[in-house]
Amino acid sequence: MTTDHRSPAPFGRALCAMVTPFTESGALDLEGAQRLAGRLVSGGCDGLVLSGTTGESPTTTDAEKAALVTAVREAVGDRVTLVAGVGTADTRHTVELALAAEKAGADGLLVVAPYYSRPPQDAVEAHFREVADASGLPLVVYDIPGRTGTRVEPDTLARLADHPRIVAVKDCSYDLLGTQRVLSRTDLAYYAGCDEQVLALYAVGAAGYVSTVANVVPELFRAVLDAFDAGDTGRAALLQRRALPLIEPMMTAGLPGAVTAKALLGALHLPAGPVRAPLLAADRATTDALLTAYEESAAGPGQLQV
């Protein structure tokens with residue numbers, strides 16, 4: 001177990017759960033994805049998560065997922081890490097996606113607990129081990145029981161930590177005590193997966209974050225970590241609070257983050273395009289409220305002074 005207070009950061013500290021841009025006809029927009037990725041890297045992201053929940057992975061094909069990794073890799077080169085979402089309810093299909101992501105140029109895999117089936121913990125553990133055994137890429141366990149219906153329990157994570165390629169957790173468990181238990185027992189890198197918890201988890205030793213809101217304000221979330229690392233915890237707290245007017249309508253107002261992120265990106269004339277069914281686009285009133293929140297969050301590096 002590491003003696004440092006900070007867990008390792010195998011994919012960098014500031015990761016964005018990037019939306020998957022589509023054309024107006026609903027086709028995959030690879031050129032738009034490349035432009036958006038470039039903007040996120042310029043804004044301070046040192047890792048991008050592709051084909052996660054925000055990337056609408058349930059409604060993109062296997063071929064589209066691989067093409068997205070290839071295109072974004074071409075755009076950003078080796079400047080940042082690319083983590084590919086490959087989790088499904090089917091272990092065999094997840095393994096196939098993992099191998100395809102490795103071939104396409106991903107640096108890591110994001111894998112959720114198998115959803116809908118609600119397997120017991122021994123089956124959850126076996127699922128992650130089989131996927132990790134299948135490729136040479138490091139794996140991030142995505143613990144989001146609110147979506148999958150199945151928790152990856154702290155004791156299960158502690159056992160999984162002995163696998164050489166299971167290296168990190170994207171934490172959406174809302175269990176701060178459980179998170180600290182795993183941090184104290186393992187070398188797993190913890191990434192806050194809920195934007196409102198970025199600073200809280202970082203303060204207790206997490207490696208960083210995987211943020212949906214960073215699609216529109218990557219500089220703001222990066223500044224939270226930078227201020228904390230510089231020892232200015234008061235500024236870090238102020239910056240985290242400054243993000244709240246945007247976090248709330250994007251992540252807690254009843255619409256999926258893919259919907260709100262795409263609505264705001266589109267209003268800002270940035271690559272996004274429509275969402276795919278069964279999701280529906282945000283209405284005009286919601287989009288206007290998001291724009292107001294964006295302005296209140298002091299987006300942009302020149303407005304981060306406190």
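None of these values were measured; they are calculated from a predicted model.
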Checklist entry - Any side-chain heavy-atom pair from Glu296 and Leu244 closer than 4.5 angstrom? => result no

Checklist entry - Is any side-chain heavy atom of Tyr209 less than 4.5 Å from a side-chain heavy atom of Leu225? => result yes

Checklist entry - Does some side-chain heavy atom of Arg276 sit less than 4.5 Å from a side-chain heavy atom of Thr60? => result yes

Checklist entry - Quick one: are Phe221 and Ile247 in side-chain contact, heavy atoms under 4.5 Å? => result yes

Checklist entry - Less than 4.5 Å apart, any side-chain heavy atom of Pro138 and any of Val83? => result no

Item to check | Heavy-atom closest contact (Ala214 atom, Asp195 atom, distance) | outcome: N-OD2, 4.4 Å

Checklist entry - Without hydrogens or angle criteria, can the side chains of Ser25 and Thr23 be said to hold a donor-acceptor pair below 3.5 Å? => result yes

Item to check | Beyond-backbone contact of Val216 with Met250, side-chain heavy atoms, under 4.5 angstrom | outcome: yes

Checklist entry - For Glu153, what residues pass the side chain to side chain contact (heavy atoms under 4.5 Å, CB included) criterion, not counting sequence neighbours? => result Gln121, Arg151, Thr156

Checklist entry - Which class fits the ring pair Phe11 and Tyr191: parallel under 30°, tilted 30 to 60°, perpendicular over 60°? => result tilted

Checklist entry - Is Gln197 reaching over with its side chain to a backbone N or O of Tyr174, donor-acceptor style, under 3.5 angstrom? => result no

Checklist entry - Ser211 side chain to Val213 main-chain N or O, any donor-acceptor pair under 3.5 Å? => result yes

Next on the checklist: Within the 4.5 Å heavy-atom criterion, are Arg165 and Leu137 side-chain neighbours or not?
Outcome noted: no

Next on the checklist: Please check: side-chain N/O of Asp288 versus main-chain N/O of Ala285, any donor-acceptor pairing under 3.5 Å?
Outcome noted: no

Next on the checklist: Does any part of the side chain of Pro274, heavy atoms only, come nearer than 4.5 Å to the side chain of Glu24, both counted from C-beta?
Outcome noted: yes

Checklist entry - Under the 3.5 angstrom rule, does the side chain of Tyr142 hit a backbone N or O of Gly52 as a donor-acceptor pair? => result no

Next on the checklist: Hydrophobic clustering (ILVMFWY, side-chain heavy atoms < 4.5 Å, transitive) - are Val112 and Val131 grouped together?
Outcome noted: no

Checklist entry - Between Asp155 and Arg159, is there a salt bridge with N-O shorter than 4.0 Å? => result no

